[in-house]
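Working notes, structure below.
Because only heavy atoms are used, hydrogens play no part in the values below, and waters and symmetry mates are left out as well, while side chains stay in.
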Amino acid sequence: MLLRPLMGTTLAVLLTASAALAAPTPPKPQIVDPKGDSVGSRSDVDIVSVQYSTTGTGSGRSYVSKKLIVALTLAGPPASNGVTTYVVRSDTDSCGVIEFKWAPGTVGGGLIGDTTASFGSCKVDDDSTAFFAAKVKGSTATFEVALKPLKDITRGTVFSEFRAAVDVGDPVFGIFPGNDSGLLDSASGDGTWVIP
């Protein structure tokens with residue numbers, strides 16, 4: 001009779017220890033926006049959500065974030081006409097504003113990548129700007145940045161003031177995309193997220 005309570009206690013301790021060692025669960029999206037609120041109700045420019053998270057190694061207290069992952073989800077597959085720009089930005093307590101500008105289909109996309117990331121006062125290889133290609137799957141574009149070169153964005157960095165926008169440009173009329181004014185759609189989130 002004494003063995004049953006001991007076995008139950010041992011099992012409970014093992015389950016609790018396993019949960020403590022697990023990698024952090026992805027946070028809920030920091031921005032959630034209703035479908036159908038873009039100009040003309042176009043699904044390719046209609047922001048649905050933005051989620052900041054990380055990938056890393058280890059688990060529990062020994063988890064180390066290696067990459068910052070920002071996933072922008074639209075109501076439908078993104079436009080790739082070269083004149084539509086998607087902008088995601090947030091404030092950080094260590095670098096100020098960090099911003100991703102994604103312009104799929106741009107002429108320079110094949111040379112330098114279709115995404116420009118700027119990191120406020122923080123530097124990446126002696127520069128505050130990085131160029132790379134976004135990863136697209138269905139209606140979600142993912143921006144991935146290694147954290148090691150960004151020495152000031154580490155465990156405990158607080159992100160806030162989340163904003164997303166979709167702009168359009170037309171070089172013929174001198175309107176260049178990426179002004180983050182949200183001509184086609186915009187969304188925001190007021191909470192905070194901390195790098196684990």
Side-chain angles (χ1 to χ4, degrees), residues 23-35 37-39 45-56 63-75 78 84-104 112-136 139-169 176-196:
T25 56
K28 292 181 180 177
Q30 290 81 8
I31 296 175
V32 177
D33 195 49
K35 285 185 179 180
D37 68 343
S38 64
V39 171
V45 297
D46 190 1
I47 299 165
V48 173
S49 67
V50 177
Q51 182 185 45
Y52 287 69
S53 63
T54 64
T55 58
Y63 176 79
V64 177
S65 296
K66 297 290 188 179
K67 285 185 179 180
L68 173 65
I69 310 294
V70 181
L72 166 67
T73 301
L74 305 166
T84 302
T85 299
Y86 303 85
V87 181
V88 177
R89 64 186 303 166
S90 62
D91 287 352
T92 66
D93 63 348
S94 57
C95 301
V97 174
I98 67 168
E99 181 177 70
F100 297 88
K101 288 185 179 181
W102 177 47
I112 60 173
D114 55 15
T115 306
T116 307
S118 57
F119 301 97
S121 63
C122 293
K123 304 292 183 187
V124 181
D125 298 328
D126 298 325
D127 195 358
S128 61
T129 304
F131 299 94
F132 56 92
K135 295 181 178 180
V136 182
S139 59
T140 300
T142 304
F143 317 120
E144 297 184 7
V145 178
L147 289 172
K148 189 172 182 180
L150 294 168
K151 297 171 183 65
D152 293 324
I153 299 181
T154 59
R155 174 179 288 186
T157 298
V158 179
F159 287 68
S160 61
E161 299 294 326
F162 301 97
R163 302 289 180 262
V166 185
D167 285 308
V168 67
F176 296 95
N179 302 319
D180 68 24
S181 57
L183 296 173
L184 298 176
D185 196 13
S186 62
S188 62
D190 295 326
T192 60
W193 172 68
V194 179
I195 290 186

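Using a 4.5 Å heavy-atom cutoff, the side chains of Trp193 and Ser90 are not in contact. Val97 places a side-chain heavy atom less than 4.5 Å from the side chain of Asp91. Residues Leu72 and Phe100 are not in side-chain contact: their nearest non-hydrogen atoms beyond the backbone lie 4.5 Å or more apart. Side-chain contact between Val136 and Pro104 is absent, with no heavy-atom pair separated by less than 4.5 Å. Taking 4.5 Å as the limit, some side-chain heavy atom of Ile98 sits within range of a side-chain heavy atom of Ile153. Contact check for Leu68 versus Phe143: no side-chain heavy atoms found under the 4.5 Å cut-off.
In terms of modelled atom types and a separation under 3.5 Å, the side chain of Thr73 and the main chain of Val48 share no donor-acceptor contact. Formation of a donor-acceptor pair under 3.5 Å by the Glu144 side chain with backbone atoms of Lys67 is not found in this model. A donor-acceptor pair is defined here as one N or O able to donate and one able to accept, closer than 3.5 Å; no such pair exists between the side chain of Asp93 and the backbone of Thr157. Using a distance-only test at 3.5 Å, with no hydrogens or angles considered, no donor-acceptor pair links the side chain of Asp152 to the main chain of Cys95. Listed for the Asp37 side chain is no donor-acceptor partner under 3.5 Å among the backbone atoms of Asp185. Judged by distance alone, with hydrogens and angles left aside, the side-chain atoms of Asp46 form no donor-acceptor pair with the main-chain N or O of Leu74 at under 3.5 Å. The backbone N or O of Pro196 lies less than 3.5 Å from a partner atom in the side chain of Ser65, making a donor-acceptor pair.
The residue from Leu184, Leu183, Ile47, Val45 that alone fulfils the side chain to side chain contact (heavy atoms under 4.5 Å, CB included) condition with Ser38 is Val45.
The heavy-atom pair separating Ala164 from Val50 by the smallest distance is CB-CG2, 3.9 Å. Nearest heavy atom pair, residue Gly182 against residue Asp167, reads N-OD1, 2.9 Å.
For the atom pair Lys101 NZ and Phe131 CZ, the distance stands at 11.0 Å (nearest 0.5 Å). We find the CD-CZ distance between Glu161 and Arg89 to be 10.5 Å, quoted to the nearest 0.5 Å. From Thr55, atom OG1 reaches atom CD1 of Ile69 across 4.0 Å, with rounding to the nearest 0.5 Å.
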